[in-house]
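Encoded as C-alpha cells, the structure appears first; notes follow it.
Both ligands and their constituent atoms are indexed starting at 1 by order of listing.
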Amino acid sequence: MSDKVHQGHRARKRFGQNFLNDPYIIDGIVSAINPQSGENLVEIGPGLGALTEPVTEQVDHLNVVELDRDLAARLRSHPFMGRKLTVHEADAMAFDFAELAKQGPLRIFGNLPYNVSTPLMFHLFSFADQVQDMHFMLQKEVVNRLAAGPGTKAYGRLTVMAQYYCQVIPVLEVPPSAFKPAPKVDSAVVRLVPHKTLPHPVTNLSWLERVCREGFNQRRKTIRNCFKSLVSVDTLTELGIDPSLRPEHMTLAQFSSLANWLDANHS
Ligand code: SAM
C-alpha cells in the first residue's frame, strides 16, 4: 500500500496531513496534555484520531475542529469516539474559539498542519485570555522560534508575539519516522501557557505588531535607522534601548515600551 494511504485514507498534502503513527510519541503527547474529565478540551485537526482517541478515553466530551470533510464525517460516525465528540467541520484559522470558551477556559491541542501553523497561532493568540493552555506539534524550527531569546537567529516576530501572550515551554522532539507519511522536517511539541497577567502590556496592540514587523523585516539595519521615521535617538535612549544595536537585540519589554511610547505620541 502507498505510504500516503493510512487507515484507508489518502493523505491530502494541501491540508498538511501527516498522521501520527508512533504509540510511544502519542503517549508522550497525551501525558504532556494530561487531560482531566470536566475540562474544556479542543483539538485542532484531529485527522484519523491518533490523539483524539486516547484523549476521549480520559474525558467525557471533546470539541474538535477539522477542515477535511471526509475526516470530519469519519470522526462523527466513529463507533467509540463519536458520541463523545462535537465535530466542527471548519477552518481553524477562521474559527471563533470564544464561542467554545463559554463552556470554560480552553485547553487547546493539536498536531497542526505545518503549512498554516504560524497564521493559525496568531489567530489563537487573539483568544489567549480565554485559554488555560495549548499543546502543539509543530516543525521543530517553529518551536525554536517560539522559545528563542534576543540576539539569536531564531528570534523574530513570532517569538515576540508568542512571548507577549504566553510562557513557552518546549516539551518533546519528534522524528519524521513518527508520522505517516513522514514529513521532510523534524518536529517538536510545545506547551504554551497564556500569562494570567501580561508581563509587558501594551496600550495598543497594532503598534507592537508594527514595530515587530518593521524591526524584523530589516534585520540588518540598526535600531536607529530602522525606526528613524517614528522615534528620535534621544527617545530610544530614554526608553533604555541602545540605538546602535539591531532590532533583533530588543527584548519583549523594549518592544512593548517603544510601542507604548508611539501610542502616546503618534496619532
Ligand atoms: N491529529 C492527526 C494526527 O496527529 O495524526 C492529524 C494531524 S495532520 C498533521 C493535520 C490535520 O489538520 C489534518 O487532519 C488536516 O485535515 C487538518 N487541517 C488542515 N488544515 C486545517 C484547518 N485550517 N483547520 C482545521 N483543520 C485543518
>> I need the nearest protein heavy-atom contact for atom 9 (C) of ligand 1: residue, atom name and distance, please.
In response: Gly16 O, 3.1 Å
> Are Gln254 and Leu239 close enough that some pair of their side-chain heavy atoms sits under 4.5 Å apart?
Replying inline: no
> Could an N or O of ligand 1 be found under 3.5 Å from any N or O of Ala50, whether backbone or side chain?
Replying inline: no
>> What protein heavy atom lies closest to atom 27 (C) of ligand 1? Include the residue and the distance to one decimal.
In response: Leu67 CB, 3.7 Å
> Which ligand 1 atoms are under 4.0 Å away from a heavy-atom of Gly47?
Replying inline: 6 (C), 14 (O)
> What atoms of ligand 1 come closer than 4.0 angstrom to any heavy atom of Asp91?
Replying inline: 22 (C), 23 (N), 24 (N)
> Would you say Leu48 contacts ligand 1, with heavy atoms under 4.0 Å as the rule?
Replying inline: no
>> A side-chain contact here means heavy atoms from C-beta on lying under 4.5 Å apart; do Ser256 and Leu208 qualify?
In response: yes
> In a check of side-chain contact (heavy atoms from CB on, under 4.5 Å) between Ile29 and each of Ile33, Ile26, Asp27, which one passes?
Replying inline: Ile33
> Taking both backbone and side-chain atoms of Asn18, is any N or O found less than 3.5 Å from an N or O belonging to ligand 1?
Replying inline: no
>> Please classify the Arg12 to ligand 1 contact at 4.0 Å (heavy-atom distances, strictly less than): side chain, backbone, both or neither.
In response: neither
>> Side chains of Met81 and Pro46, heavy atoms from C-beta outward: is any pair under 4.5 Å?
In response: no
> Near Val65, which atoms of ligand 1 are under 4.0 Å from a heavy atom of that residue?
Replying inline: 25 (C), 26 (N)
>> Closer than 4.0 Å to some heavy atom of Glu43 - which atoms of ligand 1 meet that?
In response: 1 (N)
> Which residue and non-hydrogen atom of the protein lie closest to atom 10 (C) of ligand 1, and at what distance in Å?
Replying inline: Asn111 O, 3.5 Å
>> I need the nearest protein heavy-atom contact for atom 6 (C) of ligand 1: residue, atom name and distance, please.
In response: Gly45 O, 3.4 Å
>> If I apply the N/O under 3.5 Å rule, does Leu20 come out as touching ligand 1?
In response: yes
> To the nearest 0.1 Å, how far is atom 24 (N) of ligand 1 from its closest protein heavy atom, and which atom is that?
Replying inline: Ala92 N, 2.9 Å
> Any idea which protein heavy atom is nearest atom 20 (N) of ligand 1, and the distance to it?
Replying inline: Pro113 CG, 3.4 Å
> What atoms of ligand 1 come closer than 4.0 angstrom to any heavy atom of Leu71?
Replying inline: 14 (O)
> Between Phe216 and Tyr155, is a side chain to side chain contact (heavy atoms under 4.5 Å, CB included) present by the stated rule, with each step listed?
Replying inline: CA-CA 9 Å; Phe216 291 113; Tyr155 189 69; 3.8 Å; yes
>> Let's go through His88 and Asn63 carefully: what are the C-alpha distance in whole Å and the side-chain angles of both, what is the deciding distance for side chain to side chain contact (heavy atoms under 4.5 Å, CB included) to 0.1 Å, and is it a yes or a no?
In response: CA-CA 7 Å; His88 305 269; Asn63 280 294; 2.8 Å; yes
> Does a side chain donor of either Asn260 or Thr203 reach within less than 3.5 Å of an acceptor in the other side chain?
Replying inline: yes
> Counting from 1, what ligand 1 atoms have a heavy atom of Ala90 closer than 4.0 Å?
Replying inline: 24 (N), 25 (C)
> Taking the inter-plane angle between the rings of Tyr165 and Phe125 on a 0 to 90° scale, is it parallel (under 30°), tilted (30 to 60°) or perpendicular (over 60°)?
Replying inline: parallel
> In ligand 1, which numbered atoms sit nearer than 4.0 Å to a non-hydrogen atom of Asp68?
Replying inline: 16 (O)
> In terms of atom number and element, which parts of ligand 1 are under 4.0 angstrom from non-hydrogen atoms of Phe19?
Replying inline: 5 (O), 6 (C)
> Backbone, side chain, both or neither: what part of Asn21 comes under 4.0 angstrom of ligand 1, heavy atoms only?
Replying inline: neither
> Once you round to the nearest 0.5 Å, how far does NZ of Lys153 lie from CZ of Arg219?
Replying inline: 9.0 Å
> Identify the closest protein heavy atom to atom 16 (O) of ligand 1: which residue and atom is it, and at what distance?
Replying inline: Glu66 OE2, 2.6 Å
>> Using a strict threshold of under 4.0 Å (side-chain N to carboxylate O), is an ion pair present between Glu214 and Arg210?
In response: yes
> When the ring centroid of Phe127 is compared with that of Phe95, is the distance short of 6.0 Å?
Replying inline: no
> Any N/O of Pro46 closer than 3.5 Å to an N/O of ligand 1?
Replying inline: yes
>> Return the closest protein heavy atom for atom 19 (C) of ligand 1 as residue, atom name and distance.
In response: Phe15 O, 3.0 Å
